[in-house]
Every structure is written in C-alpha cells, then in structure tokens.
Peer 1: 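Below is a structure I'd like to ask you about.
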Amino acid sequence: MAKTPSPEACPSQSKTFYVCACFYRENIFLEDYKVHVRYLHEQQFRRDYETVLKNRGCRNSDQFKSVLEKIEKEVQRRQLLAQESMERKEIIAKCYRPLHPKVYVLHDTFLAPEFLETVKFCTSPEADLEGLLRRIQSVSVFVPEYCNELMEELENFEQSEMPKGRPNTMNNYGVLLNELGFDETFVTPLRERYLQPLTSLLYPDCGGGCLNSHKAFVVKYSMQEDLDLSCHYDNAEVTLNVCLGKEFTDGNLYFSDMKQVPDNERRYTEVEHVVTQGLLHRGQQRHGALPISSGERWNLIVWMRSAAVRNQLCPMCDREPELVQTVGFGDGFTQEKATTSPKTVDVCAVI
C-alpha cells in the first residue's frame with residue numbers, strides 16, 4: 001500500500017509557491033524552426049543557436065532579426081504572465097456567466113465507474129503496483145456526458161468577450177482552467193482525492209505520492225487551428241492527459257524516452273487517444289501529438305508537481321532552482337529542502 005507522505009515532505013497549499021528564474025530565459029519554443037532555446041543575451045544566443053537555426057532554414061539577417069524579436073516578446077510575456085493572469089481571473093469571476101455552472105464542482109457522477117473502482121483499489125490495504133496495472137488498461141476517466149458539457153462550457157467561454165490566456169507557446173488554442181475558476185473546486189480535489197492514489201503507486205520515485213500543486217488547461221486541435229504538437233517534455237513530475245472529444249481522425253499521441261536520452265538513441269511508441277480515456281505519464285518523458293486529419297479534438301491536461309522533488313532540481317534547467325516569488329501555485333517550487341534524491345524509471349499508463 002502506498003505510504004502517506006509526511007507534512008515536512010509534502011508542503012501544504014498554504015505555503016508560498018515560486019517559479020525558477022530559468023522560466024524567464026530558457027525553454028523558449030520557436031515555432032517556425034521547431035526548437036527550444038535558451039536566451040541570456042544576443043551574443044550567447046548567436047553562439048549557441050546561429051548554426052542550428054541556419055540548418056533549420058533561418059538563413060538571412062532579416063529572419064534572424066525576426067527570431068530575436070519573437071524571443072524578446074516571449075520573455076516580456078512571461079514576465080507579465082502571473083499578474084495578467086490574476087487580472088483576467090478577476091474579470092472573468094465578476095463578468096462571465098457560465099453556461100453549465102455544475103461542471104465547475106467535481107462530483108463522483110462525473111467520473112467513470114471503472115475509474116472510481118480503480119481509485120478505490122488504490123486506497124485499499126491490497127493495493128500494489130501489479131494490481132493497479134491490471135486495472136488501468138483502457139479505462140475512462142470521465143463519463144461522456146460530463147465531457148460534452150465541459151466542452152460546451154469551454155466553447156461558450158471562447159465565444160464570449162472575456163479576456164483569455166492561452167496554455168503555453170506550443171498550444172495556441174485552449175483555456176487556462178484556473179482563470180475560469182476550476183482550480184479550487186475541480187482540479188485540486190481531482191488531484192488530491194482521485195489521481196494521487198494512482199500516482200502514489202505508479203510514480204513513487206518522482207513525487208507521485210506528494211503532488212501538491214498543478215497547472216491545468218484544455219488544448220484544442222482543429223483543421224483551421226493547431227493540428228499537432230511537437231515533441232517536448234512538461235514542466236511537471238506527472239502529467240494527466242484526457243481526451244474530451246469531439247470527433248476526429250488520426251492524431252495519435254507518441255511517447256519516447258526520458259529527456260536525458262540522446263536523440264539518436266530514442267525509441268517511439270504511438271498511443272491512440274480515445275474520447276473519455278486518459279493517460280498518465282512522467283512529465284520528463286518526451287512526447288507529442290501527430291496531426292489530426294479531420295474533425296476537432298479537445299484535451300484536458302493537468303501538469304502535477306511535487307515540491308519535494310523539484311525543490312532539489314528544476315526539471316527545466318536541471319539546476320538547483322533560483323526562486324522567484326509569484327502568485328498562486330507558480331511552478332510548484334517552495335523553500336523547503338528535501339533530503340533524498342529521486343530515481344527515474346519510464347512508465348506510461350493508460351487510464
């Protein structure tokens with residue numbers, strides 16, 4: 001049975017959360033060239049990436065100048081991100097009228113019976129990893145009715161005049177769920193009551209038993225908007241990805257090795273994304289989404305974070321985090337220091 005983490009190892013939500021300073025200068029995605037870069041200043045950037053970009057089609061001074069302008073814009077966006085997000089959340093709370101108010105408050109009836117049975121097993125004295133793995137093959141997370149109502153709610157919000165933040169630089173269409181008011185009444189109880197019993201057994205070595213913060217958002221793929229998602233890793237210890245709908249063809253997810261494995265040694269596995277079903281995987285496992293060829297797909301993504309793990313080593317820059325205070329959960333860092341170092345093993349679980 002999974003052990004309950006001690007309070008010292010698992011900081012409570014009342015703690016102050018931080019981001020690592022690397023957020024403002026590293027892992028900047030250049031869509032035109034499908035590459036993540038680090039930017040300290042122009043001299044460093046030219047030294048590290050000029051040849052890389054030339055090999056990817058950035059061959060003249062105007063193109064390089066455009067790259068620098070996009071990086072500067074992205075750095076400025078990140079610096080203002082937390083404050084602007086809070087301002088949007090306040091406006092939405094005051095002015096937005098939900099279409100389906102009930103979808104904001106998690107209830108057992110939203111969850112698929114087989115998923116609830118799996119959670120029940122994970123909290124029983126008989127719980128073990130082998131038993132869990134037998135139970136989570138092709139298991140739905142939500143019932144179809146909830147997926148449909150949630151998408152209707154998100155479409156209603158998209159059509160409103162409310163201010164909207166986007167998930168990240170790789171997903172141009174979607175909704176940040178904390179700004180819409182889902183965090184306290186939906187995502188936090190989903191993480192604490194239902195997902196952590198599973199992650200405690202699946203990923204005990206990377207904080208799966210102590211996921212004390214998150215970032216949750218919905219991404220949208222359609223023929224007129226984003227079709228796919230380039231290979232990447234997440235700023236998370238564990239990620240949940242649930243296919244909400246609608247109707248689409250192709251667009252399989254693909255998974256590779258952990259981020260430390262060199263490109264020429266990687267293996268890839270495709271996984272079909274089925275409506276209502278979810279996948280749990282390590283945030284540091286490289287993955288992406290192949291293009292859809294028709295229709296429209298909405299995905300619920302929850303990046304779950306463990307301060308006990310990331311306080312030792314920032315998963316984005318692989319250094320001791322340089323803390324910058326922010327609002328809300330930030331990127332899940334706290335000032336507590338853990339005493340043990342995690343070991344990482346590949347596991348991707350379909351639920």
Side-chain angles (χ1 to χ4, degrees), residues 13 16-19 23-25 27-31 69-106 146-191 213-227 229 234-236 241-242 244-246 296-305 324-332:
Q13 289 187 38
T16 299
F17 286 89
Y18 299 79
V19 298
F23 174 69
Y24 303 108
R25 57 183 182 244
N27 204 41
I28 298 171
F29 184 63
L30 301 178
E31 172 67 32
E69 290 173 350
K70 289 179 179 179
I71 290 174
E72 182 179 349
K73 183 178 180 180
E74 171 60 14
V75 171
Q76 291 174 347
R77 184 192 72 85
R78 294 185 183 196
Q79 291 171 341
L80 298 173
L81 191 62
Q83 183 58 41
E84 290 182 348
S85 180
M86 290 296 293
E87 292 172 358
R88 287 192 298 266
K89 184 177 181 180
E90 291 175 2
I91 293 171
I92 293 167
K94 291 178 182 178
C95 303
Y96 176 65
R97 176 174 292 183
L99 177 66
H100 297 303
K102 66 178 182 180
V103 302
Y104 290 77
V105 183
L106 183 62
Y146 179 77
C147 292
N148 292 334
E149 289 197 343
L150 177 58
M151 285 189 296
E152 288 177 0
E153 178 63 41
L154 297 172
E155 288 179 320
N156 184 67
F157 175 70
E158 282 288 344
Q159 294 163 9
S160 75
E161 296 181 354
M162 294 296 103
K164 301 170 182 71
R166 298 308 181 189
N168 49 63
T169 55
M170 297 185 72
N171 297 110
N172 300 302
Y173 301 91
V175 178
L176 290 163
L177 293 183
N178 70 307
E179 294 185 2
L180 202 48
F182 278 87
D183 255 9
E184 293 81 1
T185 56
F186 187 91
V187 184
T188 293
L190 178 66
R191 167 173 54 83
S213 70
H214 62 260
K215 177 179 179 179
F217 50 94
V218 172
V219 297
K220 177 185 175 186
Y221 300 92
S222 74
M223 300 307 295
Q224 294 76 36
E225 300 171 333
D226 289 339
L227 292 176
L229 186 62
D234 299 335
N235 186 358
N241 184 336
V242 181
L244 300 174
K246 299 180 177 178
E296 187 176 302
R297 184 174 77 206
W298 294 70
N299 290 42
L300 168 66
I301 311 294
V302 185
W303 288 354
M304 295 178 282
R305 293 156 169 170
V324 178
Q325 189 168 339
T326 186
V327 296
F329 283 132
D331 278 353

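Remember, it's a predicted structure, so these values are computed and weren't measured experimentally.
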Peer 1: Tell me, do L99 and E149 make a side-chain contact under 4.5 Å, heavy atoms counted?
Peer 2: no

Peer 1: So how far is it from M151 CE to E153 CD, rounded to the nearest 0.5 Å?
Peer 2: 12.5 Å

Peer 1: Below 4.5 Å, heavy atoms only, C-beta onward: do L180 and L154 meet side chain to side chain?
Peer 2: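 Touching, per the 4.5 Å side-chain cut-off.
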
Peer 1: Are any side-chain N or O atoms of K215 and backbone N or O atoms of R305, one a donor and one an acceptor, separated by less than 3.5 Å?
Peer 2: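 Checking the backbone N and O of R305 against the side chain of K215, no donor-acceptor pair under 3.5 Å is found.
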
Peer 1: Between atom CZ of R297 and atom OG of S222, what is the distance when rounded to the nearest 0.5 Å?
Peer 2: 11.5 Å

Peer 1: Might you point out which heavy atoms bring P163 and I91 nearest each other, and give the distance in Å?
Peer 2: CD-CG2, 3.9 Å

Peer 1: E74 and side-chain hydrogen bond (donor to acceptor under 3.5 Å, both in side chains): which partner among K70, Q76, R78?
Peer 2: R78

Peer 1: Scan L300, N299, V302 and name whichever one has a side chain to side chain contact (heavy atoms under 4.5 Å, CB included) with N241.
Peer 2: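 Output: one option passes, namely N299.
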
Peer 1: Nearest heavy-atom pair of A82 and T326: which atoms, and what distance?
Peer 2: CB-OG1, 3.3 Å

Peer 1: Does any part of the side chain of I71, heavy atoms only, come nearer than 4.5 Å to the side chain of L30, both counted from C-beta?
Peer 2: yes

Peer 1: Side-chain contact, heavy-atom cut-off 4.5 Å: L190 with H214?
Peer 2: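 No, every pair of side-chain atoms sits at 4.5 Å or beyond.
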
Peer 1: Are F186 and V103 close enough that some pair of their side-chain heavy atoms sits under 4.5 Å apart?
Peer 2: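 They are not in side-chain contact.
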
Peer 1: When you check the gap from the basic side-chain N to the acidic O, do E158 and R166 get nearer than 4.0 Å?
Peer 2: yes

Peer 1: What are the two closest non-hydrogen atoms of S85 and N178, and how far apart are they?
Peer 2: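 Minimum heavy-atom contact is OG-ND2, 3.9 Å.
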
Peer 1: Within a radius of less than 6.0 Å around CD of E69, do more than 12 heavy atoms belonging to other residues, nucleotides or ligands occur?
Peer 2: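 Atom CD in E69 is packed in, count exceeds 12.
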
Peer 1: Do P167 and I301 have side chains that get closer than 4.5 Å, going by heavy atoms?
Peer 2: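 No, their side chains stay 4.5 Å or more apart.
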
Peer 1: Between L150 and W298, is a side-chain contact (heavy atoms from CB on, under 4.5 Å) present by the stated rule, with each step listed?
Peer 2: CA-CA 10 Å; L150 177 58; W298 294 70; over 6 Å; no

Peer 1: In Å and rounded to the nearest 0.5 Å, what is the NE2 to CD distance from H100 to E152?
Peer 2: 4.0 Å

Peer 1: Yes or no on side-chain contact (heavy atoms from CB on, under 4.5 Å) for V75 and E72, after CA distance, side-chain angles and deciding distance?
Peer 2: CA-CA 5 Å; V75 171; E72 182 179 349; 5.8 Å; no

Peer 1: At what distance, to the nearest 0.5 angstrom, does NZ of K102 lie from OH of Y146?
Peer 2: 10.5 Å

Peer 1: For a 4.5 angstrom cut-off between non-hydrogen side-chain atoms, does F329 reach D183?
Peer 2: yes

Peer 1: Please report the interatomic distance CG(L81) to CZ(F23), rounded to the nearest 0.5 Å.
Peer 2: 5.0 Å

Peer 1: How many angstroms lie between atom CZ of F17 and atom CG of D331, to the nearest 0.5 angstrom?
Peer 2: 11.0 Å

Peer 1: Using a 4.5 Å cut-off on heavy atoms from C-beta on, say whether the side chain of D226 contacts that of V219.
Peer 2: no

Peer 1: Please identify each residue that fulfils side-chain contact (heavy atoms from CB on, under 4.5 Å) with S160, with sequence neighbours left out.
Peer 2: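 In terms of side-chain contact (heavy atoms from CB on, under 4.5 Å), with neighbours along the sequence ignored, S160 is linked to Y96, F157, M162, K164.
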
Peer 1: Consider only side-chain N and O atoms of E87 and Q83, and report whether a donor and an acceptor are under 3.5 Å apart.
Peer 2: yes

